[in-house]
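Ligands are counted one by one from 1 in listed order, and the atoms in each one are counted from 1 as well. These numbers come from the heavy atoms of this one structure, side chains and all, not from hydrogens, waters or symmetry mates. Positions are given from 1 along the sequence.
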Amino acid sequence: MEYINLGKSGIKISRIGLGAWQFGGDAWGPYEYGIAKEVIAKAVELGINFIDTAAVYGRGRSEEFVGRAIRELGIRDHVVIATKIPGDWHRYDDVLKAARRSRERLSVNVIDLLQLHWPACWHNVPICETMKAMERLVEDGVIRYIGVSNYPLQLLEAARSCLKKNDIVSSQNRYNLIERDAEKELLPYLQREGITFIAWSPLAKGAVTGKYSPENRPRGDLRENEPVFYLDNLREISTKLIPVVRELSIKYGKTPAQIALNWLVMHGNVVPIPGAKNAAQVVENAGAVDWRLSEEDFRRLNEASSSLTITYVTW
Ligand SMILES: NC(=O)c1ccc[n+]([C@@H]2O[C@H](COP(=O)([O-])OP(=O)(O)OC[C@H]3O[C@@H](n4cnc5c(N)ncnc54)[C@H](OP(=O)(O)O)[C@@H]3O)[C@@H](O)[C@H]2O)c1
């Protein structure tokens, strides 16, 4: 496994992390604790040390599963735990309360990285009020580092300017071969500033692997209403992107998921956090690093991906 600094924190995290939204058992369908434990055990065995969860995943269930598995496996010293507070809880007192509750569910002394899951839309909480609470949590030893998620660049800059003794170490945003808007202004900024880009939905929820098509749409989970899986988008993906992913998959002897994740890590400070349904997927995703696509193949993939016309206007 390769490792990279988490922002300027000095902590090393694996080039591929593990997303734990799947453990929540709501959005992605039922998920048993035993499988979550197996997934975490396999991830850590393969050198993955960065686990991302959130208070909203299964209303705390994912955090509980992560905490319980880490405790039972005795691996607290081997993992960097990241969780998130939803944008609805960004008032000063709520941030403090939410962080302490997450810490309890995770059953750890300190949360390594606490991220603001999305901006305080609808709540009108001034950004400096939220950041003041985050600094208080660092001071009190409840969390070690501060991150944001789904913040536009301008709000991220404003958040940084509120901080007195700390800086933001990471920004978590959607980024994959199909959804590349983060490249427009966020990615260059994060690269310049030494802030880690944590890429969520790095497999576009499975769409970049080619296992879903207009004839075979995912059923029974949140993907039924996910724009990427709308027919027009799936047609674009199946005809313009998947053939190139498959061709490279054969050429490199790697799976489509590994090709798609490798393309992401080739962007420097980008750390994908694929979610996994089972241990076999973790093994596959961990195998996405320790090798690289050639510059030429990277460009080909870029071109195929740039030729996609994706829309979020689905009705
Ligand atoms: N900050 C945010 O707002 C935000 C938003 C979304 C997600 N996240 C985080 O990012 C993580 C990952 O994003 P995500 O779960 O949305 O999407 P993702 O990682 O792009 O896709 C995960 C899904 O892809 C399939 N999959 C996984 N590994 C595979 C492989 N090797 N080959 C083929 N299919 C594979 C699995 O579903 P099937 O097997 O059923 O196809 C899995 O549930 C989450 O767990 C969460 O921690 C954060």
request  = Using the side chain to side chain contact (heavy atoms under 4.5 Å, CB included) rule, take Arg61 and Tyr33 through it: C-alpha gap first, then chi angles, then the decisive distance, then the call.
outcome  = CA-CA 10 Å; Arg61 198 173 146 96; Tyr33 170 69; over 6 Å; no
When you measure from the side chain of [X] to the backbone of [Y], do you find a donor-acceptor pair of N or O atoms at a distance under 3.5 Å?
X	Y	answer
Ser307	Ala304	yes
Asp26	Gly58	yes
Asn233	Thr311	yes
Ser305	Leu177	yes

Per-residue contact class, [X] against ligand 1 - non-hydrogen pairs under 4.0 Å:
X	result
Ala54	neither
Pro256	neither
Asn150	side chain
Lys205	both
Arg174	neither
Leu203	both
Asn176	neither
Ser201	both
Tyr57	side chain

query = Roughly how far, to the nearest 0.5 Å, is the CG atom of Asn269 from the CG atom of Leu6?
reply =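 Nearest 0.5 Å value for the CG-CG distance: 11.0 Å.
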Which ligand 1 atoms does [X] reach within 4.0 Å, using its non-hydrogen atoms?
X	value
Gly206	21 (O), 24 (O)
Lys277	36 (C), 37 (O), 38 (P), 39 (O), 40 (O), 43 (O)
His117	1 (N), 2 (C), 3 (O)
Glu284	30 (C), 31 (N), 32 (N)
Ala257	30 (C), 31 (N), 32 (N)
Tyr212	38 (P), 40 (O), 41 (O)

Look at [X] together with [Y] and state whether they make a salt bridge at an N to O cut-off of under 4.0 Å.
X	Y	result
Asp181	Arg174	no
Asp94	Lys97	no
Glu72	Arg68	yes
Glu135	Lys164	no

When you compare ligand 1 with [X], is there at least one nitrogen or oxygen pair between them that comes in under 3.5 angstrom?
X	value
Asp52	yes
Thr209	no
Gly275	yes

task = Determine, using ring centers only, whether Tyr175 and Trp263 are less than 6.0 Å apart.
result =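 Yes, they do, as the ring centres are separated by less than 6.0 Å.
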inquiry  = Just to confirm my output: which protein heavy-atom neighbour is closest to atom 6 (C) of ligand 1, and how far is it?
reply    =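 Going by distance alone, atom 6 (C) of ligand 1 is nearest to Trp200 CE3, 3.1 Å.
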key: Options Gln22, Arg223, Lys84, ranked by nearest heavy atom to atom 37 (O) of ligand 1, top entry   =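 Result: the heavy atom closest to atom 37 (O) of ligand 1 is in Arg223.
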